[in-house]
Amino acid sequence: VSRSKGLRGTESQREPRIPSQFSQEQRIAMKEALKGAIQIPTVSFSPKELNTTALAEFGEYIRKVFPTVFHTSFIRHEVVGNYSHLFTIKGSDPSMQPYMLLAHIDVVPAPDKGWDVPPFSGLERDGFIYGRGTLDNKNSLMAILQALELLLIRNYIPRRSFFIALGHDEEISGINGAQKISALLQARGVQLAFVVDEGSFILDGFIPYLKKPFAMVSVSEKGAINLMLQVNTTTGHSSAPPKETSIGILAAAVSRLEQTPMPNMFGSGPLMTAVEQLANEFPFPTNIVLNNLWLFRPLVSRLMERNYITNSLVRTTTALTMFNAGVKVNVIPPVAEAIINFRLHPAQTVQEVLKLAKDIVADDRVQFHVLDAFDPLPISPSDDQALGYQLLRQTIHSVFPEVNIVAPGTCIGNTDSRHYLNLTTGIYRFNPIYLQPQDFSSIHGINEKISVQAYETQVKFVFEFIQNGDTDEEPVPHLHEL
Ligand SMILES: CCCCCCCC/C=C\CCCCCCCC(=O)N[C@@H](CC(N)=O)C(=O)O
Ligand SMILES: [Zn+2]
Ligand SMILES: [Zn+2]
């Protein structure tokens, strides 16, 4: 199979390609720039609590670190929703449909406890830069601007226009950042060939028996429901308690939800395509099993449930995330509340999951309040005609020649890219970084870190990707071998 499958390779009328080699001085400057970004605590605590001082400082910081990006005549910079940033990079060929690169400025909170170094120190240790945002998602943000800065100082002029959108509230829904940028572009009549956001990686060690890492480009993402359950009862003196209290009723209800997983939906969508593409990478006899899913589907579907990450790919997950009740040690609690965070499998809808949850709770004393909810995202194309997917594939193979498989997947978390559905049918989520299960735990956890080498490679990836985006070739139809 040709590595360039899907994109024509002719080099007509191109500017000479700028090699992705950086001087020692540039390499030091790029890692120092990332450290500086980590040191600005752009924390989103809750929809009403953002560190606006840090967000404003971050805006100043990128102006200082990437001066060429901000002073190039064909780049327009706008601040949207007070703290988000939109860059419009005007290409020389208006007939080429633009695309968009996304990243976010905000991070989740990081209390010092458990960290080897303070989470907002950006300290370098043993070749790694530590800190909140080093994987989620200041690495992408800084790599995008850094790659563009490096291209510009080497006199790069893009042919295809593109946008860079940096949201400031991704961790708390994106409605003041990504959603506003999306509405602004829609009002301007922009339609995008594709967008690329965070949300997947080169996965290493996530699947038992699969020895080699593979690149997963997420072509969809799970839906979500935040459901508040509430039980109201009569309050009173705890010395003569009723048979059941609001706490007891609610605890039993949430326990039933936790003990009754949503149905296993393995059998369709991007996951099946990924399993088919990966089958031959497994040793005997797993390769035989995966190549014969018509026979072994029930077995594979059960095996997927065993591991909590692969389990999240085969079903709607149910996470009990908050529980509040009680006012005093000797008062019967008048109200108990819990929040359940569901992540919806692509084959289910919000309505279907709510109905299943009601049937599981099966207690009319428990009230259901949907705080927010959205269906799973549509599946973006990953065929030979899909420009965004093919450009990612081509760039992955050139920057990571050791990676054999690029497979479509579903993002288990949510990203700002879901706000751009109105502008494109091609939404791809991919971070050009190797990720192991312990790294996955560090995202929103402790000791989040990126190796200096991985960050340099991410800059190189974006540097190559932007140049690959200038291809005037439409993806070629796939020719089946005889
Ligand atoms: C056969 C394939 C095995 C695949 C294993 C999957 C391993 C998972 C790897 C990476 C997933 C990383 C997801 C990161 C994106 C999450 C972004 C995020 O945290 N979003 C928040 C906030 C929001 N926008 O809603 C969230 O709560 O989801
Ligand atoms: Zn993120
Ligand atoms: Zn996050």
Side-chain angles (χ1 to χ4, degrees), residues 42-44 46-47 102-110 132-141 166-179 197-210 213-226 266 269-279 281-282 290 300-301 303-304 307-314 317 319 321 339 341-344 371-374 376-377 405-420 429-431 433-445 448:
T42 48
V43 177
S44 286
S46 72
L102 305 181
H104 63 89
I105 304 169
D106 62 328
V107 295
V108 293
R132 178 59 85 232
T134 48
L135 292 173
D136 178 17
N137 177 244
K138 286 178 174 165
N139 56 321
S140 295
L141 186 154
L166 311 176
H168 71 273
D169 60 349
E170 189 274 347
E171 295 292 359
I172 45 174
S173 80
I175 55 172
N176 285 310
Q179 198 165 297
D197 197 1
E198 63 170 341
S200 193
F201 297 89
I202 300 174
L203 300 170
D204 182 9
F206 282 87
I207 305 180
Y209 309 118
L210 182 66
F214 73 101
M216 193 173 95
V217 174
S218 287
V219 293
S220 178
E221 70 185 53
K222 294 182 92 175
I225 306 174
N226 283 317
F266 179 68
L271 181 58
M272 284 298 271
T273 316
V275 169
E276 281 160 17
Q277 289 189 17
L278 287 166
E281 298 287 302
F282 285 84
L290 295 179
V300 176
S301 137
L303 291 174
M304 298 281 283
N307 164 297
Y308 71 102
I309 291 174
T310 47
N311 178 56
S312 73
L313 292 169
V314 298
T317 52
T321 52
I339 295 187
N341 179 248
F342 294 99
R343 302 294 178 129
L344 276 58
L371 302 181
D372 48 79
F374 53 91
L377 278 286
I405 306 279
V406 177
T410 300
C411 182
I412 57 176
N414 294 117
T415 70
D416 263 352
S417 69
R418 70 191 173 91
H419 297 295
Y420 293 92
R429 303 144 188 96
F430 178 69
N431 247 318
I433 289 193
Y434 278 86
L435 192 86
Q436 296 184 334
Q438 63 266 34
D439 307 317
F440 177 62
S441 312
S442 77
I443 298 175
H444 292 204
E448 186 180 348

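Scope of the values below: all heavy atoms of this structure, side chains included, with no hydrogens, waters or symmetry mates. Just so you know, ligand 1 is whichever comes first in the structure, and atom 1 is the first atom listed for that ligand.
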Visitor: Using atom types as modelled and distance alone, determine if a side-chain donor or acceptor of R429 lies under 3.5 Å from a backbone N or O of T410.
Guide: no
Visitor: Is V406 close to V217 at the side-chain level, that is, under 4.5 Å between some pair of heavy atoms?
Guide: yes
Visitor: Is there side-chain contact between L435 and I443, with heavy atoms separated by less than 4.5 Å?
Guide: yes
Visitor: Using the rule given for side-chain contact (heavy atoms from CB on, under 4.5 Å), can you reason through L271 versus F266, listing the C-alpha separation, both sets of side-chain angles and the distance that settles it, and then say yes or no?
Guide: CA-CA 8 Å; L271 181 58; F266 179 68; 3.7 Å; yes
Visitor: Using the rule side chain to side chain donor-acceptor pair (under 3.5 Å), only one of R343, K222, E171 pairs with N414; which is it?
Guide: R343
Visitor: In a check of side chain to side chain donor-acceptor pair (under 3.5 Å) between H104 and each of D416, D136, D169, T415, which one passes?
Guide: D136
Visitor: Side-chain contact test, heavy atoms from C-beta onward, threshold under 4.5 Å: evaluate it for P270 versus V219 and give yes or no.
Guide: yes
Visitor: Do L313 and F206 have side chains that approach each other closer than 4.5 Å (heavy atoms only, starting at C-beta)?
Guide: no
Visitor: Give every pair made of an N or O atom of ligand 1 and a protein N or O atom lying under 3.5 Å apart, one pair per line with both atom names and the distance to 0.1 Å, or write 'none'.
Guide:
residue	atom	partner	partner atom	Å
ligand 1	19 (O)	H444	NE2	3.2
ligand 1	20 (N)	E170	OE2	3.4
ligand 1	20 (N)	N414	O	2.6
ligand 1	24 (N)	E170	O	3.2
ligand 1	24 (N)	E170	OE2	2.8
ligand 1	24 (N)	N414	O	3.0
ligand 1	27 (O)	R343	NH2	2.8
ligand 1	28 (O)	R343	NH1	2.9
ligand 1	28 (O)	N414	N	2.8

Visitor: Considering the Zn ion (ligand 2), could you give the total of protein N/O/S atoms lying closer than 2.8 Å?
Guide: 4
Visitor: Taking all heavy atoms of S312 and all of I412, pick out the closest pair and write down the distance.
Guide: OG-CG2, 3.4 Å
